[in-house]
Amino acid sequence: MSLDNDFARLSDFEPMEAELTAIRRHLHAHPELSFEEAETARFVAEKLESWGYEVTRNVGGHGVVARMTVGAGKKSIAIRADMDALPITEETGRPYASTVAGKMHACGHDGHTTILLGAAEYLARTRRFNGTVNLIFQPAEEAGALSGAPAMIADGLFERFPFDVIFGLHNHPGAPEGTWLMRSGPLMAAADSAEIIIRGKGGHASRPHLTIDPVVVACNLVVSLQSVVSRSIDPTQTAVVTVGAIHAGEAANVIPESAKLLLSIRSFDPKVRDTLEARIRRLTETIPDGYGATAEIEYTRGHPVVLNSEAETEFARKVAEELVGADKVALCNLIPGSEDFAHFLEHKPGSFLRLGNGVESAILHSARYDFADKSLTAGAAMWARLTERYLDD
């Protein structure tokens, strides 16, 4: 087992700060949307190949996997970064702002990719680990239910590039640069959706008794849906059922034939997730029936809960404390957003971490958002040290 000073330190990455900043700003200026990351993938793959990695391109789309084995160690670790941008027009005014109209890195994936590239360069240069490292550069995290993580899994990620554990990170606006937030167990929500179409009997607004008004049915269903969380879910659990849209009718004097509801459903526990779906389906059936209407529901399960394994999260916490000090490592609150890294955690133990992006940072998916370059070295040093420590144990 190596001595503590044999592992990566923040000071090892200080000489790389300018290079990492330049890479990040290059990626920021040239964003590519989900499933369009061809140039980003080429840029990433060429750098990895130049550092001596065995690189496989086009995994699950434009995904890139870099693999390197050092020594005779049998353990294997994977670290993932996402690469895609968002369809947002940038308003930061930065000199390196997006050069592509209507597209920008508004979620920090340019930073995530740069961090993993920084760790990759360091690990290849120093080779102070004993085992196999797999670096996963994932496409299409922002693509919704049919995103890059399940696509890479379907393309044989686990079989083609075997590993024991997996780690990933996301930047966290509101937390100081270079600090770490972690949580064992559920961290980010499962994100499901539903489309409900209520079919009644249209007619003249002055003769409602001759109709079955789908608007009245829809309004009553909306009210009933608000009881799902308050009366069907344990109050110590967290869940959200939001009716985000109601579409019905075009004129004040016409009762329409149908009404449509669009729902967003969030939960942090698989059993709660099942209960929410069952109750929403039941109410969708019974409420319209009571009015003589009918209803159809299309219920779509999105990303599952990000469920961090206890041992890997505790290991990451210890590594972070060694690297930056215990005062810069904190417990992360539950996050109602979703993340397709959850699909990896359904198959492998691991942990998804949050890296501070600055107290004054704009929120994610804002046209004024920018990744904090000050966090690049902290992230790269963390991945390097975590890899060395895991493969050394």
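Position 1 is the first residue of the sequence; numbering continues from there.
- Grouping Ile, Leu, Val, Met, Phe, Trp and Tyr residues whose side-chain heavy atoms lie under 4.5 Å apart, directly or via other members, leaves Ile197 alone, with no other cluster members.
- Applying the side-chain hydrogen bond (donor to acceptor under 3.5 Å, both in side chains) definition to pairs two or more places apart or across chains, those involving residues 197-207 are Arg199-Glu296, His204-Ser206.
- The other residues sharing a hydrophobic cluster with Phe268 are Leu334, where clustering joins ILVMFWY side chains under 4.5 Å apart.
- The side chain to side chain donor-acceptor pair (under 3.5 Å) search around Asp373 returns Arg24, Arg25, not counting sequence neighbours.
- For Arg42, the side chain to side chain donor-acceptor pair (under 3.5 Å) test picks out Glu39, Glu46, with sequence neighbours left out.
- For Ala320, the side-chain contact (heavy atoms from CB on, under 4.5 Å) partners are Trp180, Met182, Val329, Met382, not counting sequence neighbours.
- Under the side chain to side chain donor-acceptor pair (under 3.5 Å) criterion, Asp192 pairs with Arg273, sequence neighbours left out.
- For residues 248-263, no pair satisfies salt bridge (Lys or Arg N to Asp or Glu O under 4.0 Å), with sequence neighbours left out.
- The hydrophobic cluster containing Ile166 also includes Val59, Val65, Ile136, Met152, Ile153, Leu157, Phe158, Phe161, Phe163, Leu187, Met188, Val306, Ile335, Phe341, Phe344, Leu345, Phe352, under a criterion of side-chain heavy atoms closer than 4.5 Å among ILVMFWY residues, counted directly or through chains of members.
- Separation of the Phe43 and His26 ring centroids falls under the 6.0 Å cut-off.
- By the side-chain contact (heavy atoms from CB on, under 4.5 Å) test, Ala218 pairs with Ile198, Ala259, Leu261, sequence neighbours left out.
- Val216 is linked by a side-chain contact (heavy atoms from CB on, under 4.5 Å) to Asp213, Asn220, Tyr291, counting only residues two or more places apart in sequence or in another chain.
- Listed by chain and residue number, Asp340 satisfy the side chain to side chain donor-acceptor pair (under 3.5 Å) test with Ser147 (two or more places apart in sequence, or in another chain).
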